[in-house]
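Nothing here was measured: the structure is a model prediction, and the numbers come from that model. All residue numbers in this chain count up from 1 along the given sequence.
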Amino acid sequence: MNDLIIEDAIVVDGSGEPGFVGSIGIRDERIAWIARGETPTGVDAGVRVPARGLVVAPGFVDVHNHSDLCPMVDPEMVSTIRQGVTTVVVGNCGSSPWPVAGAADCAVMAGGQPEAMDLRFESFVDYLDRIERMAPAVNIAALVGHSAVRMDAMGLERRPPTDDELTRMCRSVADAIQHGAVGLSTGLIYVPGLYSQTDEVVALAKAAAGEGGLYASHIRGEGAHLFRAVDEAIEIGRRAGLPAHVSHLKCESSIVWGRAQELLERFRGDADVTTDQYPYTAWSSVLWSLLPEWAPVADVGALRADPDTHDELVRAVERGDETFQSSVDGVGWDRIVIEACGRGRWNGLSVQAIAEARSVEPVEACFDLLEEDPETSCIGHAMDEADVRTILADPEVMVASDAIAMSPQGPWGNLPVHPRNYGTFPRVLGPYVRDGLLSLEVAVRKMTSLPADRFGLRDRG
């Protein structure tokens, strides 16, 4: 006997093939059968759901998510499950709760208070087991983060690792993947990932390859340095001998607007590289990501007070240099909006507006905010809708949110958060499918079987 039968629905199965009218039988929380046309005769169920005119599809897979510790803060994960997402891949952008050097940052991202949480994960499998005991609303797969591994081995040192440190880091990556991680991630615009060189990442990627993992990267630049940053990710995958995946593909800033089609060509050669995208024209990050690698947020006060470094810091933030891509150049301070800072006085205002209120230059307002709250977060309206549509229209580009699971009643409920936290997958199915950019079948494949296959999720999506 079936526990549940969904009858007479339009079945879009995630393969990309045309949908069909059919029924689905569920038994012991698994799909037992799918039938075209009417429900087979003689089949019984505890519950029958008439679904004529409605669509049924596999649960969506969000391959770029930051809800690593959300099950410990808000296990209902409302903003995620209401989008139809039933599986998330966490541990992205180099950030993961194991090794434990990265746990506090993940707790803060989830809206938790690290000092009040037990973050003593003894191993990667201990982290996975602890999360599973929280009974989260969605399935969780996880990457191991390069930044966490690096901090565990060498703190926040701005230098290459020693041979012993690199060996320890490689051992950590291999151990994590042996115990359930699906791959290695990097965040090469964030401390301490941005302190690393390509050879270091290749060595860690080789450790991941040896255990069957993939390499997922928030690349070194998504604006002026976009193309060479994508090329580095491809190079890492090729040299390490494992699949590479570029996170949240975008053409950030007017410097690269209009080049989306050229960018997509990078993913059509013989390299084993894929990518994902969130369908919005704005990014969301920490404000200190605007700082160059030689200016840690803790040093901002001293650097701006010193006449010898003040002007250099301003130039790097507003225009960038050969090694550091400015996220302000080609965007403007009026398009960078504060999401959360300190007591919230400036939340929802652009840096330009805050500067005018304080009668200072915008870059000085940025430094003021960082000194007030080093963890200030912001949203940058840096992409062009035409590029967003071009990337989304590619059937081989996955849909991912780059979001954090949250709820209106949770710790982020009163903040002006990026809409991708609640709306990524509905936005694709709504405006972009309805206006004909994508067929429903292609859109569902981009959210289900395509990411599941890439990340090795054999019984999901």
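Here OG1 of T275 is found 4.0 Å from CG of L249. Values are rounded to the nearest 0.5 Å. In this structure, CZ in R266 is found 7.5 Å from CG in L263, a value given to the nearest 0.5 Å. Distance check: D74 CG to I404 CD1 gives 12.0 Å after rounding to the nearest 0.5 Å. Note that CD1 of I234 and CG of D270 are 9.5 Å apart. Values are rounded to the nearest 0.5 Å. Atom-to-atom distance recorded for Y127:OH and C106:SG is 7.0 Å, nearest 0.5 angstrom. Taking CZ of R130 as the reference point, atom CH2 of W98 lies at 14.0 Å (rounded to 0.5 Å).
In the displayed structure, Q113 atom CD is contacted under 6.0 Å by at most 12 heavy atoms of other residues, nucleotides or ligands. Shown here is R48, whose CZ atom has more than 12 heavy atoms of other residues, nucleotides or ligands within 6.0 Å. Residue-environment remark: CD (E115) exceeds the threshold of 12 foreign heavy atoms within 6.0 Å. In I31, the CD1 atom is not crowded: 12 or fewer heavy atoms of neighbouring residues, nucleotides or ligands sit closer than 6.0 Å. Few gaps surround CD on E262; more than 12 heavy atoms of other groups in view lie less than 6.0 Å from it. In the displayed structure, E372 atom CD is contacted under 6.0 Å by more than 12 heavy atoms of other residues, nucleotides or ligands.
Residues R30 and D459 have side chains in contact (heavy-atom distance under 4.5 Å, counting atoms from C-beta outward). No side-chain heavy atom of R445 sits under 4.5 Å from any side-chain heavy atom of S15. With contacts defined as side-chain heavy-atom distances shorter than 4.5 Å, the pair V202/L204 does not qualify. Within the 4.5 Å cutoff, side-chain heavy atoms of P192 are placed close to those of M151. Counting only heavy atoms from C-beta outward, the side chains of C251 and D384 never approach each other to under 4.5 Å. Residues L143 and L184 form no side-chain contact, since every pair of their non-hydrogen atoms from C-beta on lies 4.5 Å or further apart. No side-chain heavy atom of F267 sits under 4.5 Å from any side-chain heavy atom of T274. Proximity of M406 to V78: side-chain heavy atoms (C-beta onward) are nowhere separated by under 4.5 Å.
A donor-acceptor pair under 3.5 Å is absent between the side-chain atoms of K250 and the main chain of A382, judged by distance alone. Side-chain atoms of E375 never come within 3.5 Å of backbone atoms of V286 as a donor-acceptor pair (strictly under, hydrogens ignored). Side-chain N or O atoms of D126 include none that pairs as donor or acceptor with a backbone N or O of L128 at under 3.5 Å. Not a single donor-acceptor pair under 3.5 Å links the side chain of D44 to the backbone N or O of M1. Between the side chain of D373 and the backbone N or O of C341, no donor-acceptor pair lies under 3.5 Å. R420 contributes a side-chain N or O that, together with a main-chain N or O of D402, makes up a donor-acceptor pair within less than 3.5 Å. Proximity of a side-chain donor or acceptor of Q83 to a complementary backbone N or O of N421 within less than 3.5 Å is detected. At least one donor-acceptor pair closer than 3.5 Å links the side chain of K446 to the backbone N or O of V397.
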Could you check W33 against N2 for side chain to side chain donor-acceptor pair (under 3.5 Å), going step by step and ending with a plain yes or no? CA-CA 10 Å; W33 50 265; N2 298 279; 3.0 Å; yes
Apply the test side chain to side chain donor-acceptor pair (under 3.5 Å) to residues T281 and E385: give CA-CA distance (whole Å), side-chain angles for both, the deciding distance (0.1 Å), then the verdict. CA-CA 6 Å; T281 57; E385 177 65 15; 5.2 Å; no
Verdict with supporting geometry, R268 and E265, salt bridge (Lys or Arg N to Asp or Glu O under 4.0 Å): CA-CA 5 Å; R268 292 178 180 147; E265 292 301 321; 2.7 Å; yes
Apply salt bridge (Lys or Arg N to Asp or Glu O under 4.0 Å) to R239 and E235, showing your working. CA-CA 6 Å; R239 287 175 57 187; E235 176 191 350; 3.0 Å; yes
Decide side chain to side chain donor-acceptor pair (under 3.5 Å) for E252 and W257; before the verdict, give the C-alpha distance in whole Å, the side-chain angles of both, and the deciding distance to 0.1 Å. CA-CA 7 Å; E252 180 185 308; W257 286 354; over 6 Å; no
Is there a salt bridge (Lys or Arg N to Asp or Glu O under 4.0 Å) between R389 and D435 once you walk through the steps? CA-CA 11 Å; R389 291 176 65 87; D435 74 6; 3.0 Å; yes
Could you go step by step and tell me if D387 and R259 meet the salt bridge (Lys or Arg N to Asp or Glu O under 4.0 Å) rule? CA-CA 7 Å; D387 290 323; R259 299 182 68 183; over 6 Å; no
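Side-chain N/O atoms of Y422 and T80 include no donor and acceptor closer than 3.5 Å.
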Sequence neighbours left out, cut at 3.5 Å: what donor-acceptor pairs do the side chains of residues 205-214 make with other protein atoms?
| unit_1 | atom_1 | unit_2 | atom_2 | d |
| --- | --- | --- | --- | --- |
| E211 | OE2 | Q178 | NE2 | 3.2 |

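A cation-pi arrangement is found for R36 relative to F20, the charged atom lying closer than 6.0 Å to the ring centre and inside a 45° cone about the ring normal.
Minimum heavy-atom separation, M72 to M117: CB-CE, 3.9 Å. Nearest heavy-atom pair across G223 and S253 is CA-OG, 4.2 Å. Taking each heavy atom of V297 and L291 in turn, the nearest pair found is CA-CD1, 3.8 Å. The two residues S326 and G320 have their closest heavy-atom pair at CB-N, 3.4 Å. In terms of heavy atoms, C93 sits closest to H218 at SG-ND1, 3.5 Å. When all heavy atoms of T186 and S217 are compared, the pair lying nearest together is OG1-OG, 2.8 Å.
Evaluated for a side chain to side chain donor-acceptor pair (under 3.5 Å) with Y190, the options S95, S285, S147, S289 yield exactly one hit, S285. For the side chain to side chain contact (heavy atoms under 4.5 Å, CB included) with V399, the lone residue among V85, D276, L392 that qualifies is L392. The only option from I354, V351, I379 that meets the side chain to side chain contact (heavy atoms under 4.5 Å, CB included) definition with I336 turns out to be V351.
Looking at residues two or more places apart in sequence or on another chain, you find a ring pair (Phe, Tyr, Trp, His ring centres under 6.0 Å) between F425 and F60. A search for salt bridge (charged side-chain N to carboxylate O under 4.0 Å, His left out) contacts involving D272 returns R454, not counting sequence neighbours.
By the 30° and 60° cut-offs, the orientation of the rings of H64 relative to H66 is perpendicular.
Sorted by first and then second residue, the side chain to side chain donor-acceptor pair (under 3.5 Å) pairs with a member in residues 342-354 read Q352-E356; sequence neighbours excluded. Within the structure, every pair that satisfies the ring pair (Phe, Tyr, Trp, His ring centres under 6.0 Å) test and touches residues 430-461, not counting sequence neighbours, is listed here: H245-F455. Under the ring pair (Phe, Tyr, Trp, His ring centres under 6.0 Å) criterion, no residue pair touches residues 378-415, with sequence neighbours excluded.
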